[in-house]
Amino acid sequence: MTDLDLSYILNELGEDRDHYFNAVSPPIIQSSNFSFKTTADLRSALTDEFENNVYSRGQNPTINILRKKLAALDGAENALVFSSGVAAITIPMLSLLKSGDHVVAIENAYNWTDNFLKKFLPKFGVTTTFVAGNDLSNFENAIRKETRLILLESPTSFVYELQNIEAIATLAKKHNIITLIDNSYCSPIYQQPVKLGIDLVAQSATKYIGGHSDVIAGVLTGSDVLIKQIFENEFMNFGPSLSPQSAWLLIRGLRTLPLRLQRSFESTKIITQWLIEHRAIEKVIWPFSKNFNQSDLAHKQMKGCGGLFSFSLKDSSVEKIEKFCDQLKHILLAVSWGGHESLILPSIASLSKLNYSKSIKNAQLIRMYVGLEDPQYLIDDLKQSLNNM
Ligand SMILES: *Cc1c(COP(=O)(O)O)cnc(C)c1O
């Protein structure tokens, strides 16, 4: 695949403006079905719902514009879009795996990915070995003759563990194993796993691609062969399709994706540095901080870094963590990330207060997402809350 210019992808690719009055913004083709002049035409269209507009559970012109852009952004042959990020991760697994197969997956994957591997796939006779992703030999040792899939997420959220994507992709190819990665953290602007040899790349488009906290969606990119196989089977059968309205919101999000990421990246550099120097802060974990333990790998395989990081307070009693989060005036207390607004999410929010102990790994972490506000505005908010503790 030759690389297309990023500006061309985001502003022109897939958009046949002369088909719709030369409107600059594409139309939302809010139609469930498409009609044909003759039975022969209909019959011919039905032979390939992957290519033809027949029914919007499959193909739709607004969605098609989005798919072309997303495939090109990843440097992949093809793309599918889903009604959530989690569907873009689980549907390919349903497609690739059958009873008796084995998966090697990283520990600390996104919680619903983890849940799918631990609770759902075993019902169908698929087993998983979980490995620490920072060491290639862990993958080598976990591979068996039944291993069909290696599942990665780099960096992970909350602790930001990286995997050496290129080395693992090479290992997988040697054993004829398919690789699937969750690339939500970086988006294709900062990391392109297809170019490092990965077969399938999933993303929660709810995060950076949408970018305005108003749509839930997912993306999967890969080869024509794999994407078509998933489309014709599990995609059409489970029906995790995106609505044309949501696809339009994602196309709009793509127009400013590089700008928003750059802003988030630059502000995060400033804010993490400010936090590291604050006397109430114990540690900051962000892949592009100087003291990050996988800094070399981060700079090797990522062109930039997302605005999601974690930190802990020196006094990480449950009361102090709650007080700090509750006193913030502008930074919102919420799940998700990737939108215009900055967010805070303490790990303790998913633990019962009684079960909290500082010795539980990572329980003291507070995750922050840096949105598009002025970094000084965010620092002032962090400062007033830290000083009032
Ligand atoms: C949010 C998220 C998902 C799930 O995406 P949804 O769009 O919420 O279904 C998967 N992986 C990561 C890393 C995420 O942050």
Side-chain angles (χ1 to χ4, degrees), residues 63 66 70 74 79-94 105-118 120 133 151-163 165 179-191 193 198 200-221 234-235 238-243 245-247 249-250 253-254 257 260-261 264 268 285-287 298 302 305-310 332 334-339 341-345 347 349-350 362 365 367-371:
I63 286 171
L66 177 63
L70 290 168
D74 266 350
L80 281 179
V81 288
F82 295 75
S83 54
S84 73
V86 95
I89 298 165
T90 56
I91 298 277
M93 287 203 257
L94 287 173
I106 55 145
E107 304 168 337
N108 296 325
Y110 178 69
N111 58 337
W112 288 106
T113 305
D114 203 57
N115 189 68
F116 187 77
L117 293 163
K118 286 183 179 153
F120 195 91
L151 183 102
L152 307 176
E153 180 182 324
S154 184
T156 57
S157 58
F158 258 105
V159 286
Y160 316 99
E161 285 161 346
L162 271 64
Q163 299 103 57
I165 297 173
T179 44
L180 168 63
I181 190 168
D182 181 339
N183 196 38
S184 304
Y185 184 89
C186 284
S187 95
I189 303 297
Y190 287 157
Q191 182 166 275
I198 294 291
L200 290 167
V201 180
Q203 264 186 96
S204 169
T206 310
K207 312 293 165 52
Y208 281 126
I209 308 274
H212 295 75
S213 302
D214 51 13
V215 59
I216 300 279
V219 189
L220 181 72
T221 60
E234 291 70 22
F235 189 89
F238 286 92
S241 318
L242 193 66
S243 75
Q245 166 80 37
S246 295
L249 286 169
L250 295 183
L254 283 179
L257 178 66
R260 288 184 286 104
L261 266 163
S264 184
T268 308
I285 316 173
W286 185 57
M302 293 159 62
C305 200
L308 198 62
F309 68 95
S310 298
L332 303 173
V335 299
S336 198
W337 52 275
E341 78 293 6
S342 293
L343 302 170
I344 206 97
L345 179 66
S347 188
S350 40
N362 304 323
L365 291 181
R367 188 181 83 176
M368 179 169 175
Y369 165 69
V370 178

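Counting starts at 1 for both ligands and their atoms, following the listed order.
At distances below 3.5 Å, at least one donor-acceptor pair connects side-chain atoms of T206 with backbone N or O atoms of A217.
For the pair S83/S243, no side-chain contact is recorded, criterion being any heavy-atom separation below 4.5 Å from C-beta on. Two residues are said to be in side-chain contact when any heavy atoms from C-beta on lie closer than 4.5 Å; N183 and I198 fail this criterion.
Contact annotation: for S184 versus ligand 1, heavy atoms closer than 4.0 Å belong to the side chain alone.
Not a single heavy atom of Y185 sits closer than 4.0 Å to an atom of ligand 1. Residue contact annotation: A217 has a non-hydrogen atom under 4.0 Å from ligand 1.
F82 and F235 have their aromatic ring centers within a separation under 6.0 angstrom.
Between S204 and ligand 1, a contact under 3.5 Å exists for at least one N or O pair.
Separating the CD atom in Q203 from the OG atom in S187 is a distance of 6.0 Å, to the nearest 0.5 Å. Distance check, rounded to the nearest 0.5 Å: OG of S204 to CH2 of W337 gives 7.0 Å.
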Check against side chain to side chain contact (heavy atoms under 4.5 Å, CB included), K207 and L308
CA-CA 11 Å; K207 312 293 165 52; L308 198 62; over 6 Å; no

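Residue D182 holds the heavy atom nearest to atom 13 (C) of ligand 1 of all those in V335, I209, D182.
When each atom of ligand 1 is checked for a heavy atom of G85 under 4.0 Å away, the hits are 5 (O), 6 (P), 7 (O), 9 (O). Numbered from 1 in the order shown, with element, the atoms of ligand 1 that lie under 4.0 Å from a heavy atom of V86 read 4 (C), 5 (O), 6 (P), 9 (O). Numbered from 1 in the order shown, with element, the atoms of ligand 1 that lie under 4.0 Å from a heavy atom of W337 read 15 (O). Listed by atom number, the atoms of ligand 1 under 4.0 Å from T206 heavy atoms are 6 (P), 7 (O). Close approach to E153 involves these atoms of ligand 1, each under 4.0 Å from a residue heavy atom: 13 (C).
At the shortest separation from atom 15 (O) of ligand 1 among protein heavy atoms lies K207 NZ, 2.6 Å.
Looking at E153 and T113, their side chains never bring a donor and an acceptor atom within 3.5 Å of each other.
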